[in-house]
Amino acid sequence: MDLQLTDKAVLVTGASSGVGLAVTRMLLAEGARVIAVARDPGRLDTAMAALEDRDRIHAVTADVTDRVAVESAVASGAEHFGALDAVVCNAGRSLMARIGDTSDEQIREELDLKVFGAWNVIRAARPHLAASPVGAVVNTNAILAKQPEGRLAITSAARAALLNLSRTLGEELAPEGIRVNSVNLGLIDTGQWRRRFETYRSEGGDLDYDAWSAEIAADRGISLGRFGNADEVAFAIVSLLSPRASYITGAHVDVGGGVTRQP
Ligand code: NDP
């Protein structure tokens, strides 16, 4: 099926790794043009250099919590391609800590990243998306937004804020022809989990990655018994970006291998 994304210009934050990189690769395969955003220029360049279709990538470094830097990245991408049809607010990380062990500064940083990390991008892109006949936003979120975990206390709360905001934006931007949806992740095998595995090994753990991740999947009650991978998430994101999803807005899709136990 043609997803009707050929030549569409899509800005992806967190494009240098994991889900964002998989989304970038899938969009390029669909014939789209990608404005790839991340903070570390070396990592971004290395990731983009490994992709085909370099002429359809415009890489820009920006921290999504920095409003001015995001405005500049959006303007640069829209100018480079002459349009901006969609954005994927994906950049982020999680903070593994219970609320009693989380400093006020960490709480502010986490809310900043999850809320402004998306809102800065959507606000700057809004006029371009409104000018596109197929304006769309997809926010990468987490099942934690609906199913909080004490060991990820403030990340869960910040995720809930973003999910709530996404639904409001779905309503508010609909008259401008902009759709806003969310993809909620369970446990996905990306850089975040590889780093945690390295920590586990450095602290003396002796399981290999597959056994370690299967143990975590069982502990979290994942029906499919394994972590997901970035391509499985990218498929959901790219599907929601597609103009074929023209009647879907204010919605969310869970990509969690069946971990969802609550609505
Ligand atoms: P990765 O760590 O693999 O990649 C994160 C990407 O975001 C990198 O490109 C990183 O590049 C970029 N990034 C991080 N902070 C910023 C920032 N402030 N401004 C701009 N870019 C930034 O993560 P994943 O692919 O695993 O995660 C993608 C999203 O999904 C994140 O929002 C994450 O929180 C969320 N998620 C992931 C889950 C999982 O199990 N993997 C579960 C639930 C949610 P750089 O550091 O150079 O900026």
Side-chain angles (χ1 to χ4, degrees), residues 11-26 34-48 50-51 59-74 87-96 108-121 124 138-149 151-152 154-163 166 182-198 213 216-217 220 222 226-234 236-237 252-257 259-260:
L11 184 145
V12 180
T13 68
S16 63
S17 172
V19 171
L21 182 56
V23 168
T24 298
R25 199 181 292 115
M26 209 170 274
V34 177
I35 300 135
V37 179
R39 289 169 305 178
D40 184 320
R43 213 151 72 105
L44 184 59
D45 279 353
T46 304
M48 296 303 109
L51 299 175
V60 193
T61 51
D63 184 328
V64 292
T65 62
D66 179 340
R67 178 175 177 171
V68 174
V70 168
E71 285 170 353
S72 162
V74 166
V87 296
V88 180
C89 301
N90 165 79
R93 52 153 168 67
S94 56
L95 177 65
M96 188 72 88
R108 289 196 187 92
E109 278 175 3
E110 199 60 359
L111 288 166
D112 203 21
L113 179 60
K114 302 307 191 292
V115 176
F116 280 104
W119 176 230
N120 282 340
V121 177
V138 175
N139 292 320
T140 305
N141 207 322
I143 289 173
L144 290 175
K146 301 178 298 168
Q147 199 169 302
E149 287 185 23
R151 61 193 139 195
L152 287 153
I154 196 62
T155 291
S156 300
R159 287 299 186 193
L162 177 60
L163 187 63
S166 296
S182 303
V183 171
N184 294 336
L185 280 57
L187 305 189
I188 307 300
D189 178 7
T190 61
Q192 297 199 13
W193 284 99
R194 296 284 163 172
R195 287 192 292 277
R196 279 180 204 161
F197 176 67
E198 280 163 25
S213 58
I216 295 172
R220 306 288 168 90
I222 297 176
R226 63 171 176 85
F227 284 13
N229 65 53
D231 283 339
E232 290 171 315
V233 179
I237 293 175
H252 64 261
V253 173
D254 293 342
V255 181
V259 76
T260 311

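On a predicted model such as this, the values are computed, not experimentally measured, just so you know. We count ligands from 1, going down the list as the structure has it; atoms in each ligand are counted the same way.
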Options Ser16, Ala230, Cys89, Ser94, ranked by nearest heavy atom to atom 9 (O) of ligand 1, top entry: Ser16
I'd like the name of whichever of Ala91, Gly18, Gly228, Gly92 reaches closest to atom 5 (C) of ligand 1 through any heavy atom. Gly92
Between Asn141 and Arg159, is there a donor-acceptor pair closer than 3.5 Å when you use the side chain of the first and the backbone of the second?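 Yes; judged by distance alone, with no hydrogens or angles, the pair exists.
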Residue part near ligand 1, for [X], under 4.0 Å between non-hydrogen atoms:
X      : value
Ala62  : backbone
Arg195 : side chain
Asp40  : both
Trp193 : side chain
Arg43  : side chain

Does the N or O separation between [X] and ligand 1 drop below 3.5 Å for any pair?
X      : result
Val19  : yes
Lys114 : no
Asn141 : no
Ile188 : yes

Looking only at side-chain N and O atoms, does Asp254 offer a donor or acceptor that is under 3.5 Å from a partner on Asn184?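 Yes, Asp254 and Asn184 have a side-chain donor paired with an acceptor closer than 3.5 Å.
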Which ligand 1 atoms are under 4.0 Å away from a heavy-atom of [X]?
X      : result
Gly186 : 40 (O), 42 (C), 43 (C)
Arg93  : 34 (O)
Thr140 : 29 (C), 30 (O)
Gly191 : 3 (O)
Ala142 : 43 (C), 44 (C)
Asp63  : 17 (C), 18 (N), 19 (N)
Asn90  : 28 (C), 29 (C), 31 (C), 32 (O)
Leu113 : 18 (N)

Of the protein's non-hydrogen atoms, which lies at the shortest distance from atom 6 (C) of ligand 1, and what is that distance?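 Checking every protein heavy atom, the shortest distance to atom 6 (C) of ligand 1 gives Gly14 CA, 3.5 Å.
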Do you know the tightest heavy-atom contact between Leu44 and Ala59? CD2-CB, 4.0 Å
Student check: side-chain heavy atoms of Ser94 and Gln192 closer than 4.5 Å: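 Of all side-chain heavy-atom pairs linking Gln192 with Ser94, at least one is under 4.5 Å.
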Report yes or no: does Leu187 have a heavy atom closer than 4.0 Å to ligand 1?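 Under 4.0 Å: yes for Leu187.
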